[in-house]
Amino acid sequence: MTKPIRLLGLILLVASCCYWSACDPAPTPPADDNDTIDIEAEIDSLMSQLTLEEKVRMIHASSAFTSGGVERLGIPELIMSDGPHGVRHEHGRDWIKDEGVRDSSTYLPVGTALAATWNPELGYAFGSVLGSEANYRQKDIILGPGLNIIRSPLNGRNFEYLTEDPYLNARMTVGYVKGVQDQGVAACAKHYVANNLEYEREMVNVEMSDRALREIYLPGFKAAVQEGGTYTVMAAYNKFRGDYCAHSEYLLDTILKMEYGFDGAVISDWNAVKNTMEAVNAGIDLEMGSDLPMLATGNVDYSKFHMGDTVVTLVNNGTVDEALIDKKVRRLLRTIFRVNAIGERAPGAYNTPEHQQVARDIADEAIVLLKNEGLLPLNEGETQSIAVVGANATRKHAGGGGSSQVKAYYEVTPLEGLQNLMGDKADISYAEGYVVEKGGGSNSDLIAAAVEQVTQADVAIYVGGYIHGYSDEWNDNAYDAEATDKPDMLLPFGQDELIEAVLAANPNTIIVLMGGGPVDMQRWQSQAKTIVQAWYPGMEGGNALADVLFGNVNPSGKLPMTFPVKLEDSPAHSLAVTGFESLEQDYTEGIFVGYRYFDSYEVEPAFAFGHGLSYTTFTYENIAVEKKDNTVVVSVNVTNSGDRDGAEVVQLYVNDNESALPRPAQELKAFQKVELTAGATERVEFTLGEDAFSYYDDTQGKWVLEHGTFTIKLGSSSRDIRQEGNIEW
Ligand code: GLC
């Protein structure tokens, strides 16, 4: 489908260098156009022709998901769509869902699942699918990736994000952004910054030290800008140090645009702009979503936005310098040209087997084997009967969670996946086990039925965990969902009682948990021989889970966040002094987020950051650490010492033996995922720059590298260190 070509001869070179030697069938970028234009010259030309009224029309929404265009000059609206793991269904121009359109799309695994692969090449493939389907759906901007640091297990939107660690956040973001943008679509790094909970998200004010800001919460966005080249960034709802993020000159101008060199457009979260003068003076370039409060009145008027017609009046009466508006318009025009919104849009592809294969590949590598005392892998030939228990075995998740919802083209549930793989080889029974209902507790009849079933089967598989909401509607977002946080870490719907009963009936029951993050497993973790974390694994998740359970796929997933034993162990709930439900959020735990806290304060997690088992084993030998000019080269032999091919994520942590300011016990500074056939050995090498040893000294306002001894740790997780070596810097 072609957008009308309104500016003659405008054909863009869409950067199509494929970012990664993609190991997956990532959609190839659209062919380069040979003709290129000088975008800045085109912008200059349009700026000289635009009237003030036309400029102001461009800096606010023209509908639910479009920015204002200027028909007279052939400047199109920018068309946006959620979300981070699939192109959302059509919303229409005024939040009235378009019916009868072809808007069921590829439902990819969620952000935490992608991060659990620790595979940046899959990040690129993920982004490529998203960009290709956005093209097909005629979208210029896909509103993802979600980069907010996973600070508390309770945050409702953790599932949309990636990790607790800034380095892993950056690595997984860059490929994603480049994958989207190599398709000619803009990515949108969100929500900038410190939107780490959903409680009163439009009112909460976040305070934190400069160290925490620079070392933990900004690096993902910095990488999105400076390495990923993201065309847009979304300003978060919350306040930061008293200013709304959408009005913060410190965040938007000083850091993002001036220090990081971001030259794209800052889009507000929907209805995040609250004040005209603050928005005009700060680096917010496009106001979206201020129609939301108008919907209830039945009178939506886009000219009445904070950056609407009132700005024309303010410029004309000399209150506002038109140059401020020009700066915003230039960035929007730059985005319009970059996404080729004027020229021939790439056709994209939709719901293709290739896209579904990428979803499957990511799910395969995302599933984390947390514990395995001999039950897995299952043997297809020896399995005559399988008892499947749990409502999440048949539940579909794509449509829930809020704005990240996807109308999935299909979604294979865990039960369907097992039926697909084993339906003709084994008798598969199913018992619901628990009921998904608001405030629902355990159900003794369902428990009795489940117990009877698992007692008689060769294999028992429990599938439980969290859900997004009770339906696909906003008003019952319950657990892993937008605009709500979890009440606690406990499994809902009486699952603990059910799991205890099922394990008592059949100790060989395999426990599979779905969800965006950890649950409190204290009541049954020691009884369970095998525990698997499956996240929300996307449309192919059921097939991937079956393949992992039966060993067709050797699990290689690693936790991208710490799983605490209990909520009180989490630093956001122990070290931080402000309660979680408080409009004043002071991140007093500072840089001690996730494993940085657990390792430094010697708190034992249920499962550590970076943890994930395999069906084979890996040994690490002969570490070497040597200084080469301004780098440190670290190498180690990794051997697949088992009898099955597999992939290992070799993680490199750095410990600063002595520092002027407190530093975490260790910090992830590199990793590599290596695939090794049984018995094979590979020498894995890392080259570390000064940044791997530096920290942000907020007493001096700069990054510092102090001389002294650093310990390099190589391991299979943050708590499974296999080799160490020291270096003097
Ligand atoms: C929502 C979300 C944001 C989403 C936007 C548009 O409130 O915070 O992530 O992209 O509005 O739906």
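Atoms within each ligand, like the ligands themselves, are counted from 1 in listed order.
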Colleague: Under 4.0 Å, heavy-atom basis, I'd like to know which part of Glu198 is in contact with ligand 1: side chain, backbone, both or neither.
Modeller: neither
Colleague: Using heavy-atom distances, let me know which of Asp82, Leu143, Ile267 sits nearest atom 4 (C) of ligand 1.
Modeller: Asp82
Colleague: Which residue is it: Arg102, Lys97, Arg137? I am looking for the one with a side-chain contact (heavy atoms from CB on, under 4.5 Å) to Glu90.
Modeller: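 The residue from Arg102, Lys97, Arg137 that satisfies side-chain contact (heavy atoms from CB on, under 4.5 Å) with Glu90 turns out to be Arg137.
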Colleague: What are the two closest non-hydrogen atoms of Glu164 and Val593, and how far apart are they?
Modeller: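 Where Glu164 meets Val593 most closely, the heavy atoms are O-CG1, 4.0 Å.
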Colleague: Tell me which one of Asp269, Ile142, Asn195 gets a heavy atom nearest to atom 3 (C) of ligand 1.
Modeller: Asp269
Colleague: Do the charged groups of Glu482 and Arg157 touch, with an N to O distance under 4.0 Å?
Modeller: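 A salt bridge is present here (some side-chain N lies under 4.0 Å from a carboxylate O).
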Colleague: Is there a heavy atom of His191 sitting under 4.0 angstrom from any atom of ligand 1?
Modeller: yes
Colleague: Would a line drawn from the ring center of Trp118 to the ring center of Phe609 be shorter than 6.0 Å?
Modeller: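 Judged by ring-centre distance (under 6.0 Å), Trp118 and Phe609 do meet the cut-off.
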Colleague: Heavy atoms only: which of Trp270, Phe65, Tyr237 is nearest to atom 7 (O) of ligand 1?
Modeller: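 It is Tyr237 whose heavy atom sits nearest to atom 7 (O) of ligand 1.
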Colleague: Under 4.0 Å, heavy-atom basis, I'd like to know which part of Met288 is in contact with ligand 1: side chain, backbone, both or neither.
Modeller: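 Within the 4.0 Å criterion, Met288 makes no contact with ligand 1.
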Colleague: Which atoms of ligand 1 have any heavy atom of Glu482 under 4.0 Å away?
Modeller: 1 (C), 2 (C), 7 (O), 8 (O)
Colleague: Just which atoms of ligand 1 are under 4.0 Å from any heavy atom in Arg88?
Modeller: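 Those atoms are 12 (O).
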Colleague: Drop me the distance from Tyr199's OH to Thr484's OG1, to the nearest 0.5 angstrom.
Modeller: 12.0 Å
Colleague: Can you tell which part of Glu160 has a heavy atom less than 4.0 Å from ligand 1: side chain, backbone, both or neither?
Modeller: neither
Colleague: When you check the side-chain N and O atoms of Ser290 and His306, is any donor under 3.5 Å from an acceptor?
Modeller: no
Colleague: Under a plain distance cut-off of 3.5 Å, with no hydrogens placed, do Glu365 and Asn119 share a side-chain donor-acceptor pair?
Modeller: yes
Colleague: Can you list the atoms of ligand 1 that are under 4.0 Å from a heavy atom of Lys190?
Modeller: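 Per the distance check, 3 (C), 4 (C), 9 (O), 10 (O).
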